[in-house]
Structure formats: C-alpha cells, structure tokens
Amino acid sequence: MRALVNGIQLGYEILGKNGLPLVLIHGFGLNRTIWKDMVNHFMEDQLVILPDLRGHGESDAPDGIYPMSLLAKDILGLLDELEIKKAVLCGHSMGGYVTLAFTENHPGRLAGIGLITSRAETDSPDKKRDRYAFAENVAQNGSVVLAESLAPQISNRKRVIETTYKLIEKTSPKGIIGASKGMAERQSRLHVLDSFKKPALIVAGQEDQIIPSSDARNMAGRLEKAVYLSIPHACHMPMMETPGVLAKALLNLSERAAASLA
Ligand code: MLT
C-alpha cells in the first residue's frame, strides 16, 4: 500500500489485528521487508505497521537532505492517514534515530518506544565528513557502494549478509544520499531519553560491529521505564538473526505500553 504523506507517496503495510499499533521502522539503506519473517512467525496476531522510510523500499525518493525530524514527520503523517492516535514506535539503527526525533517532536502520539541496535548520540566530526564523502561516492557510483560497505559488517550470518546486500543494492541512490546527509546533520538526542516516562525497550546485539552495546546500556540507564535486552549471538540485525527473542521483547513492550495507558 502507499499513502500520500508530506507531498510524497510512502510505502507501508499492515499485518495482524490485536494490541496497540506497533510501528517498526527499518534502518539505513534497507526497507520494511527486514521485519516480515519475524512478524509472520512470532507475532502474527499483533497489529504491526511496517513503513518504508522516504527514499527506501516502495516510498518516493525526492532530492535533498532527509533530516531525521522529516523522516519522523512522515511517520506522523502515516499515523494520521491511518487514524492511529497512539502507537508504540520501534526503530532499528537509523530507524531508531527517527524514533528519537519522533519522541522529541510528537511525544503525545506515543505509548512506548523501542530502540534496536541504535544510539542517541550525534556523530563525531570525522564521521560527519565521512558521511558527506560517502554520499558523493554513491552519487558517482550508485547504491552498490553502500551494499559493499554495509552488508559485510551487518551480520556474521551469510544468509543475512546476502539478503541485506540485495535490499541495499535496490535502494534508490537519492534515498541513500538524503539519509546519509540527514544522519550527518542530526543532533544528540540523549536528552529525549531523560524526559521519556513511558515504557521503553532497548535492544543490543552482543556481536554488533556497527553500534557497540555500551551505547545501548547508556540509553537504557537514562530511561525511566526501560527494559534492556542484550542478545547473545546477535549482530546488527536481530530481527533476522534472533527473531523469536526480539519478537518476544516487542510483544512485551506492547503489553507494557497498553497497561500504562489503561
Ligand atoms: C543503520 O544501520 O541504519 C546505519 O548503519 C546507522 C548509521 O550509519 O549510523
């Protein structure tokens, strides 16, 4: 399905029927399909919304920088379109940066949040520069540049590396460039964690080579109602690597969020 949101068509799908709407937001260069096996096998009754971020999957990929606050506004527009007043938002990696921007700007629409192999801090000056240089490289050489650099680090499982490589290769270069520059420009959102009083879930992969689990522990320590889950044998993609474990934690978050509204 696609919805017209902030002047672009946003791809999404809805699975399951029960519970508070759980919105699962994919990471950089990927798309909503990363969640599907986990949802279909381990949480089939739960009402789940899977959006494609702008520039990714079946969503339009306009020119320009995609600030995390704009990606969050797209999710807000989708919730409005679906007439969803309160949701639990969970983001994977860059999807977590979007979740934090949403939490900062539209907290009243949230019943809970989940941050999966993600972080709240800003980039170092070197990392910011790298992201701009990388965007230039993608402009010259296409999305394969991200597939070649990200997929091999994303997991230690061949199947996950191969699947994500193919997803990233198909992602629009404009989407990768817009998101890369948007991530470079993002500010620290550690303060957002300090003031969020609703149920939260923080998930780390113990073998994640992209985001160290110390970042996750730090985030959990700042949240009033966080469950912290550090998954053994998971890298950056627990929804594909350890789907049963992650699904159980997400269902628990959904129940805690519903109880806190009751
Ligand atoms: C992601 O997986 O979304 C990215 O690696 C996050 C990042 O580049 O900071």
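Whatever order the structure lists ligands and atoms in, that order sets their numbers, starting from 1.
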Polar atom proximity, His92 to ligand 1 (N or O, under 3.5 Å): no

Distance-only donor-acceptor check, side chains Tyr12 and Glu58, under 3.5 Å: no

Please write down residue, atom name and distance for the protein heavy atom closest to atom 8 (O) of ligand 1. Arg131 NH1, 2.9 Å

Can you tell me how far apart CZ (Phe134) and NZ (Lys127) are? Round to the nearest 0.5 Å. 9.0 Å

the protein heavy atom lying closest to atom 9 (O) of ligand 1 turns out to be Tyr97 OH, 2.6 Å

Ligand 1 versus Met183, non-hydrogen atoms closer than 4.0 Å: side chain, backbone, both, neither? side chain

Is there a path from Val203 to Phe42 through hydrophobic residues (I, L, V, M, F, W, Y) whose side chains come within less than 4.5 Å of each other? no

Worked check of side chain to side chain contact (heavy atoms under 4.5 Å, CB included) between Phe102 and Lys73: CA-CA 7 Å; Phe102 191 107; Lys73 201 170 156 212; over 6 Å; no

Below 4.0 angstrom, N of the basic side chain to O of the carboxylate: do Arg54 and Asp74 qualify? yes

Heavy-atom contacts with Met94 under 4.0 Å: which atoms of ligand 1 show up? List them by number with element. 1 (C), 3 (O)

Taking only heavy atoms of Gly27 into account, list the atoms of ligand 1 that are under 4.0 Å away from them. 3 (O)

Distance to 0.1 Å, residue and atom name: give those for the protein heavy atom nearest to atom 6 (C) of ligand 1. Ser93 OG, 3.2 Å

